Amino acid sequence: MKLRLSAVRRVAVRTGAAALTAVVAADASASGDTDTFCAPAAARTLKIGTAVHAGALTSESGYQDRVRYGFGSVTPENAMKWALVEPRRNTYDWTSADAVVDFATAHNESVRGHTLVWGKSLPGWLTDGVAQGTIGDAQLKAILQSHITTLMKRYAGRVGVWDVVNEALAEDGTVDTGNFWYRHLGEAYIADAFTWAHAADPAAKLYLNDFDTEPVNSKSDGLYTLVKKLRAAGVPIDGVGFQTHVTTDNTLHTLRANLRRFADLGLDVAITELDVRMPLPPTDALLTTQADIYATATEACLAVSRCVSLTVWGFSDAYSWVPAALPGWGAADLLDQGLRPKPAYAAVHAALDDCGFTTTTTAAARHSAR
Ligand code: XIL
């Protein structure tokens with residue numbers, strides 16, 4: 001049952017930029033989460049974010065407006081990935097990453113940096129160099145430290161949160177031994193990455209981000225064990241990101257309990273890449289199911305006071321990564337190909353409204369009002 005916390009009230013209504021960054025105040029005497037729909041937080045900020053395409057963000061005014069008025073945080077979908085940002089050794093191409101960060105700075109949006117250490121999207125010079133033996137393990141370690149340091153120092157003060165390590169775990173919850181970084185540097189790459197990241201920008205919030213960890217399952221159990229171990233060893237990890245790329249077959253009914261157990265470790269948690277794909281073509285029934293799942297994800301974050309942000313992996317089917325990555329699947333986002341809101345869009349807003357968040361100024365509403 002959805003409970004409305006009577007003590008929840010709006011304290012800050014922000015329109016224009018960062019419309020979906022909301023602050024909710026609740027009964028200050030409340031301590032910790034209870035099993036309620038809206039977490040009682042003395043003053044809670046929950047960022048609603050989206051992944052963005054650097055190209056569209058720099059060239060399409062409609063896209064820009066949707067990001068500006070619909071979201072309070074942006075994640076560069078690809079622009080900060082290694083292959084794009086350092087396509088040749090020691091030669092950085094900042095064009096796209098800067099475009100995203102500059103846009104965010106100009107419009108008072110937060111940036112979630114994505115991602116520093118991942119076994120994918122690596123440039124050929126790096127993987128070939130390692131395969132050919134021209135880059136040895138000690139050198140690889142130095143290259144990784146330098147990469148982390150270079151990105152974080154460039155954006156210090158403007159990118160406040162980083163997905164430091166992405167997708168480190170295997171499906172059974174053990175550390176993924178097939179991962180490029182594991183194969184060459186061993187499990188220590190994870191702790192080292194956080195240590196180097198903290199040294200590069202001590203103010204940044206540092207996250208471990210993964211997928212298929214949303215339910216309570218063997219992968220999230222493994223993640224929980226790993227995070228606990230890292231914390232016990234003094235590794236500077238601030239948060240855990242749950243990608244939440246799911247299908248209309250996922251119910252996400254254990255997401256809330258899962259977020260809470262990580263939060264109870266003293267960490268922030270975030271939904272970082274939410275989308276809900278369906279087998280194509282969409283049907284009314286699938287769209288309704290999708291809306292329920294989006295609502296469940298939003299409600300799970302709202303129920304956990306340390307859930308600090310909810311980011312969708314793109315806001316419209318016109319730009320979604322899903323059809324190319326997973327043929328036969330798609331329609332995963334809040335707006336359809338024609339940028340019309342789907343039932344999921346209303347469901348997310350209803351969930352936010354239920355907890356007192358101000359979501360009246362929305363991209364779609366503004367657009368149609370013009
Ligand atoms: C995806 C992008 O959306 C695609 O455009 C790109 O071709 C591949 O990467 N998990 C992640 C994201 O952490 O970086 C991925 O993004 C989606 C899965």
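Just so we're clear, the structure is a prediction, and the values are computed from it rather than from any experiment. Worth knowing before you read on, the calculation uses all heavy atoms, side chains too, and leaves out hydrogens, waters and symmetry mates.
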Result for ring pair (Phe, Tyr, Trp, His ring centres under 6.0 Å) between F315 and one of Y69, Y345, Y294, Y63 points to Y63

Residues in ring-ring contact (aromatic ring centres under 6.0 Å, His included) contact with H184, at least two apart in sequence or another chain: F180

Tell me, which pairs form a side-chain hydrogen bond (donor to acceptor under 3.5 Å, both in side chains) where one or both residues lie in residues 123-143, sequence neighbours left out? none

Assess the side chains of T272 and N209: does a donor N or O sit below 3.5 Å from an acceptor N or O? yes

Set out, in order, the CA-CA distance, both residues' side-chain angles and the distance that settles ring pair (Phe, Tyr, Trp, His ring centres under 6.0 Å) for F262 and Y224, then state yes or no. CA-CA 7 Å; F262 282 88; Y224 184 84; 5.4 Å; yes

Would you indicate whether the side-chain heavy atoms of L116 and L151 approach each other to under 4.5 Å? yes

Hits for side chain to side chain donor-acceptor pair (under 3.5 Å) against S220, two or more places apart or cross-chain, chain-then-number order -> N217, R261

Any chance you could measure H198, atom NE2, to M152, atom CE, to the nearest 0.5 Å? 9.5 Å

List in chain and number order the residues that pass side chain to side chain donor-acceptor pair (under 3.5 Å) with E86, two or more places apart in sequence or in another chain; answer none if no residue qualifies. W82, Y92, H147

For the side chain to side chain donor-acceptor pair (under 3.5 Å) test, which of S110, S73, S309 pairs with K47? S110

So do the side chains of W181 and L122 get within less than 4.5 Å of each other, counting heavy atoms only? yes

So, F194 versus Y189, ring centres under 6.0 angstrom or not? no

Check: T225 side chain, D221 main-chain N or O, donor-acceptor pair, under 3.5 Å: yes

D336 side chain to G338 backbone, donor-acceptor under 3.5 Å: yes

Throw together a table of side-chain donor-acceptor distances under 3.5 angstrom for residues 232-244, partners on residues two or more places apart or in other chains.
residue : atom : partner : partner atom : Å
D238    : OD2  : L206    : N            : 2.8
Q243    : NE2  : N166    : OD1          : 3.1
Q243    : NE2  : E167    : OE2          : 3.0
T244    : OG1  : F242    : O            : 2.9

R306 side chain to L267 main-chain N or O, any donor-acceptor pair under 3.5 Å? yes

Side chains of F71 and T311: closer than 4.5 Å at any heavy-atom pair? no

Show me the side-chain donor-acceptor pairs of residues 74-81 shorter than 3.5 Å, one per line, residues at least two apart or across chains.
residue : atom : partner : partner atom : Å
E77     : OE1  : H53     : NE2          : 3.4
N78     : OD1  : K81     : NZ           : 2.8
K81     : NZ   : E77     : O            : 3.0

To the nearest 0.5 Å, what is the distance between CG on D176 and CD1 on I190? 9.5 Å

Would you say the side-chain atoms of T50 pair up with the backbone N or O of V52, donor to acceptor, closer than 3.5 Å? no

Test your reading of the model: is there a side-chain donor-acceptor pair from E214 to the backbone of L255, 3.5 Å cut-off? no

Common cluster, Y207/V304, ILVMFWY with side-chain heavy-atom separation under 4.5 Å: no

With sequence neighbours left out, write down each residue that passes salt bridge (Lys or Arg N to Asp or Glu O under 4.0 Å) with R231, or none if nothing qualifies. none

Is there a side-chain contact between R183 and V130 (heavy atoms, below 4.5 Å)? no

By the side-chain hydrogen bond (donor to acceptor under 3.5 Å, both in side chains) test, which pairs, at least two apart or in different chains, include something from residues 320-332? D275-W321

Is there side-chain contact between V348 and L310, with heavy atoms separated by less than 4.5 Å? no

Could you tell me the separation between the CG atom of L208 and the CG atom of D210, rounded to the nearest 0.5 Å? 6.5 Å

Under the salt bridge (Lys or Arg N to Asp or Glu O under 4.0 Å) rule, collect the residues that match up with D98, sequence neighbours excluded. R154

For E171, the side chain to side chain donor-acceptor pair (under 3.5 Å) test, sequence neighbours excluded, returns K219

Donor + acceptor pair across side chains of D192, T195 (<3.5 Å): no

To the nearest 0.5 Å, what is the distance between CG (L302) and CG (D354)? 8.5 Å

Per-pair distances, 0.1 Å, donor-acceptor, side chain in residues 277-289, under 3.5 Å, sequence neighbours excluded:
residue : atom : partner : partner atom : Å
T283    : OG1  : L286    : N            : 3.0
T288    : OG1  : D284    : O            : 2.9
T289    : OG1  : A285    : O            : 3.0

Would you call D201 and K153 a salt bridge, using N to O less than 4.0 angstrom? no

Do E60 and Y319 pair up side chain to side chain, a donor and an acceptor below 3.5 Å, judged on atom types alone? yes

Side chains of V175 and L169: closer than 4.5 Å at any heavy-atom pair? yes

Please name all residues satisfying side chain to side chain donor-acceptor pair (under 3.5 Å) with D317, sequence neighbours left out, ordered by chain then number. K342

